[in-house]
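Notes to accompany the following structure.
Lettering follows sequence order; numbering is per chain, from 1.
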2 protein chains.
Amino acid sequence: MSLGAEPTGEATGKGLSKKRDPERTRKRILKAAKVEFAKYGLGGARVDRVAARSKANKRMIYHYFGSKEQLFQAVVEEAYLSIRVAEQKLNLDEVEPEEAIRQLVVFTWRYYLKHPEFLTLVNSENLHRGRHLKKSARVKEVHSDYVEMVRGILKRGERSGVFRRGVDPIQFNITVAAIGYYYLTNRFTSSIIYDLDMVAADALDRRLAFNLDTIMRLLKPDSR
Amino acid sequence: MSLGAEPTGEATGKGLSKKRDPERTRKRILKAAKVEFAKYGLGGARVDRVAARSKANKRMIYHYFGSKEQLFQAVVEEAYLSIRVAEQKLNLDEVEPEEAIRQLVVFTWRYYLKHPEFLTLVNSENLHRGRHLKKSARVKEVHSDYVEMVRGILKRGERSGVFRRGVDPIQFNITVAAIGYYYLTNRFTSSIIYDLDMVAADALDRRLAFNLDTIMRLLKPDSR
DNA sequence: GATATAACCATCTAGTTAGTGAATTGTCGA
DNA sequence: TCGACAATTCACTAACTAGATGGTTATATC
């Protein structure tokens, strides 16, 4: 071990060290806040619970984030950055257009399934008219890349004749997100209304299949 | 006037009467609560603000609704009943299938646009895992009619050959809702991310057109 | 027109809530 | 080794919040 000169206590930082680690503390708070805000929304969230959950002191929260709202802002920003980072890893530029779109739909669906807190956080932020996200500069940049990637896939498909022409990439993006997002965020009320278990494994599979079908039909060239 | 024996004071109840009108008071509270919950969510809503907005006394709120949660429940239930009532007025059984579906998509879109509070209330209820709606029996019944109507339209379209076979009416319903709903509830964050005004009149028109197109392509028979 | 019932109101309260003040302790560069 | 600064702790508070209380007034019924 040793090689002593390690400055960051990360390598050793396991159990009972009472050492200080501001970065870790900050991240612990942020993570706890994500859980809290995702569960209760901005209005229903309690700073005390975030403190308890993160095993930090409430004073620390205000030290690192300033206010409840700024903490929420940090959480929302991080949530958006995370999904964009995940999207970038997709790298669909090498994949043939139809398969690329299929992967896009599946990825989006799986991301929502794996990160349900993303959905509720986005809903909360929109309840508050996007006023927190508006303050983030980084989020915009990262996203435009994504639209461009989709635009590229559609263009390639048009050229090779597997997709029809003139599909707006932004409308298309929104639609891909919508058909997965709506099903999952509203699964509770929909389950009641349709008297169905919407999150049963086979129900989820059927929805994904339906969505893939919807999207492919949307892109299919008009038959003559 | 007179014909004295009118028991309910409704007919006269106009302006400056300090008369009692329990039904009206109840409705005033419910309406104010809808605005409050739609704006702030369950956690962020304040009973005092509902009292002020409804010009009723807080005592009245607890008299008619029992608790903040029960008030929320009443608001959510009413919101669901309202949209179902509106849907029933559509009466698309006489309309030819393609036109009926078109009207369905347009209706859904316009309803969301005209009743933005419906969207946020549904989101809030889902944040709370549907636990309030679960208590409402009336909502379920009303809805199954709607699914049946859509099922009927799809069936007629299949028979006349304008729609392909095997489209699940529930998945279809969810999709029709999703592509409008998502665009509108997430308009704030999407506007930021895409750097677009999503609620400009022409943007709304373009979205509706895109959605109509998406839905019609979803139903179009496979070409041979 | 007496009485019971329910609508209505102003005010109180016990428990929370976001946010602070001030002192303590660890860390790191000089 | 020392001093400065950052991380951390704990106790505190002013404002707020859901809900309760006790009393008043309109209305329906006999």
Open item on the list: Does anything in residues 188-204 of chain A form a salt bridge (Lys or Arg N to Asp or Glu O under 4.0 Å)? List the pairs, not counting sequence neighbours.
Closed with: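 Checked against salt bridge (Lys or Arg N to Asp or Glu O under 4.0 Å) - neighbours excluded - the pairs reaching residues 188-204 of chain A are A/Asp202-A/Arg206.
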Open item on the list: With salt bridge (Lys or Arg N to Asp or Glu O under 4.0 Å) as the rule and sequence neighbours excluded, what pairs involving residues 101-114 of chain B come up?
Closed with: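 Sorted result for residues 101-114 of chain B: B/Glu99-B/Arg102.
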Open item on the list: Is there a side-chain contact between A/Thr25 and the phosphate of D/dT8, meaning an N or O under 4.0 Å from OP1 or OP2?
Closed with: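 Checking D/dT8 against A/Thr25, a side-chain N or O does come within under 4.0 Å of OP1 or OP2.
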Task: Pairing residues for B/Arg129 by the side-chain contact (heavy atoms from CB on, under 4.5 Å) criterion, not counting sequence neighbours - done: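 Partners of B/Arg129 under the side-chain contact (heavy atoms from CB on, under 4.5 Å) test: A/Phe188.
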Task: Pairing residues for B/Leu113 by the side-chain contact (heavy atoms from CB on, under 4.5 Å) criterion, not counting sequence neighbours - done: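 Partners of B/Leu113 by the side-chain contact (heavy atoms from CB on, under 4.5 Å) criterion, ordered by chain and then number, come out as B/Trp109, B/Leu184, B/Leu204.
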Task: Close approaches to DNA chain C from residues 56-69 of chain A, in residue order (heavy atom, under 4.0 Å) - done: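 Per residue number, the list reads A/Lys58, A/Arg59, A/Tyr62, A/Ser67, A/Lys68.
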Task: Close approaches to DNA chain C from residues 28-53 of chain B, in residue order (heavy atom, under 4.0 Å) - done: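 None - not one residue of the stretch has a heavy atom sitting under 4.0 Å from the strand.
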Task: Those residues that, when tested against B/Asp213, pass side-chain hydrogen bond (donor to acceptor under 3.5 Å, both in side chains) (two or more places apart) - done: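 Here the qualifying residues are A/Arg164, B/Arg217.
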Open item on the list: Distance check needed: D/dA18 P versus B/Phe72 CZ, whole Å only.
Closed with: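 For the pair B/Phe72 CZ and D/dA18 P, the rounded distance is 14 Å.
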Open item on the list: Measure NZ/B/Lys55 against C1'/C/dC8 and give the value in whole Å, please.
Closed with: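 To the nearest whole Å, that distance equals 17 Å.
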TODO: Identify whether the distance between the nearest side-chain nitrogen and carboxylate oxygen of B/Arg46 and B/Glu36 falls below 4.0 Å.
DONE: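 Looking at B/Arg46 and B/Glu36, the cut-off is not met.
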With a 3.5 Å cut-off and sequence neighbours excluded, list the donor-acceptor pairs that the side chains of residues 86-95 of chain A form with protein atoms.
residue, atom, partner, partner atom, Å
A/Glu87, OE1, A/Arg84, NH1, 2.9
A/Glu87, OE2, A/Arg84, NH1, 2.7
A/Gln88, NE2, A/Asp145, OD2, 3.4

- [ ] Sort and list the pairs that fulfil ring-ring contact (aromatic ring centres under 6.0 Å, His included) and have at least one residue in residues 34-74 of chain A, not counting sequence neighbours.
- [x]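 Found A/Phe37-A/Phe72, A/Phe72-A/His132.
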